[in-house]
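A short worksheet on the structure shown next.
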Amino acid sequence: MAEQSFNSRVYEVVKRIPRGTVATYGQVAALAGAPRNARTVGYALHANPEPGVTPCHRVVFRDGSLAPGFAFGGPDEQRALLEDEGVTFIPPAPNGNAGADGWRVDLDRCQWQA
DNA sequence: AGCATGACGTGAA
DNA sequence: GTTCACGCCATGC
């Protein structure tokens, strides 16, 4: 196997994310050895050759949001899954604030600390 | 070999 | 607080 593509290295990092914790693409990219490749990390997860093995659902955006449209099974499924693992979520509208929808993860409490 | 795209991040308006 | 645009690097054709 010569050198595993960036892809493989990203999976190794994502797979070592503890349960009940989430990591951002930038965090994974940095741990993978590419602090500038957050975008490539997303590309790697998109390739995700081993679904079920790589918990891509634990990888979220820098602001705690997930990938819209690419969520495996739907954003509701991912929210329930992370919540079941003990991840804290922040509701979209705390006070009748319509428009701002999309649950965000409480990175202050659940972001993975390498 | 080069071009176009893409699960992001950050800065500024 | 939110939204737009640019930049970074790797992959696919």
Side-chain angles (χ1 to χ4, degrees):
Chain A
M1 324 245 286
E3 285 215 44
Q4 312 266 336
S5 302
F6 223 75
N7 214 301
S8 300
R9 183 159 292 152
V10 172
Y11 302 140
E12 295 295 302
V13 178
V14 176
K15 286 193 288 190
R16 76 184 247 192
I17 298 174
R19 174 181 169 283
T21 314
V22 296
T24 67
Y25 288 95
Q27 187 72 44
V28 175
L31 293 169
R36 264 77 182 175
N37 289 26
R39 201 167 204 186
T40 316
V41 171
Y43 199 79
L45 289 177
H46 182 184
N48 197 357
E50 306 195 66
V53 181
T54 311
C56 40
H57 60 267
R58 285 185 191 149
V59 187
V60 300
F61 281 69
R62 204 39 172 96
D63 70 322
S65 300
L66 301 172
F70 279 90
F72 54 96
D76 182 71
E77 191 69 28
Q78 184 162 14
R79 180 180 69 76
L81 188 62
L82 290 170
E83 187 179 72
D84 180 66
E85 294 194 342
V87 176
T88 308
F89 268 78
I90 301 172
N95 60 355
N97 183 352
D101 49 278
W103 292 61
R104 296 183 297 179
V105 180
D106 190 351
L107 297 175
D108 295 303
R109 281 194 6 133
C110 301
Q111 184 171 46
W112 175 40
Q113 309 165 67

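The analysis underlying the following values was restricted to heavy atoms, covering all of them including side chains, and did not include hydrogens, waters or symmetry mates. Chain A is the first sequence line, chain B the second, and so forth, proteins listed ahead of strands; every chain is numbered from 1.
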Rounded to whole angstrom units, what separation is found between the CG atom of A/N48 and the P atom of B/dG6?
18 Å

Between atom CG of A/D84 and atom CZ of A/R19, what is the distance when rounded to the nearest 0.5 Å?
6.5 Å

Please list each protein N or O that sits under 3.5 Å from an N or O in nucleotides 10-13 of chain B, with the distance.
none

Taking side chain to side chain contact (heavy atoms under 4.5 Å, CB included) as the test, write out the residues that go with A/R109, two or more places apart.
A/T88, A/D106

Ignoring hydrogens and geometry, is there a side-chain-to-backbone donor-acceptor pair from A/S5 to A/S8 under 3.5 Å?
no

Mind checking if A/F61 touches a base, just sugar-phosphate, or nothing, with heavy atoms under 4.0 Å?
sugar-phosphate

In chain order, what residues pass the side chain to side chain contact (heavy atoms under 4.5 Å, CB included) check against A/R79, with sequence neighbours excluded?
A/D76, A/E83, A/F89, A/W103

Where protein sits on nucleotides 3-13 of chain C, one letter per nucleotide: B base, S sugar-phosphate only, - none, heavy atoms under 4.0 Å
----BBBSSS-

Between the OH atom in A/Y25 and the CZ atom in A/R62, the distance rounded to the nearest 0.5 Å is 14.0 Å

Let me know the distance between NE2 of A/H46 and C1' of B/dA7, rounded to the nearest Å.
8 Å

Which pairs would a plain distance check flag for residues 49-59 of chain A, meaning a side-chain donor or acceptor within less than 3.5 Å of a matching protein atom at least two apart in sequence or in another chain?
{"from": "A/R58", "atom 1": "NE", "to": "A/E85", "atom 2": "OE1", "distance (Å)": "2.9"}
{"from": "A/R58", "atom 1": "NH1", "to": "A/I17", "atom 2": "O", "distance (Å)": "3.0"}
{"from": "A/R58", "atom 1": "NH2", "to": "A/E85", "atom 2": "OE1", "distance (Å)": "3.3"}
{"from": "A/R58", "atom 1": "NH2", "to": "A/E85", "atom 2": "OE2", "distance (Å)": "2.8"}

Check every strand shown and say whether A/A38 touches a base, only sugar-phosphate, or nothing at a heavy-atom separation below 4.0 Å.
sugar-phosphate

Contacts of A/R16 meeting side-chain hydrogen bond (donor to acceptor under 3.5 Å, both in side chains) (sequence neighbours excluded), chain-then-number -> none

Could you tell me how far apart A/E77 (CD) and B/dA7 (P) are, to the nearest whole angstrom?
21 Å

Under 4.5 Å between side-chain heavy atoms, counting indirect links through other Ile/Leu/Val/Met/Phe/Trp/Tyr residues: same cluster for A/L45 and A/V13 or not?
yes

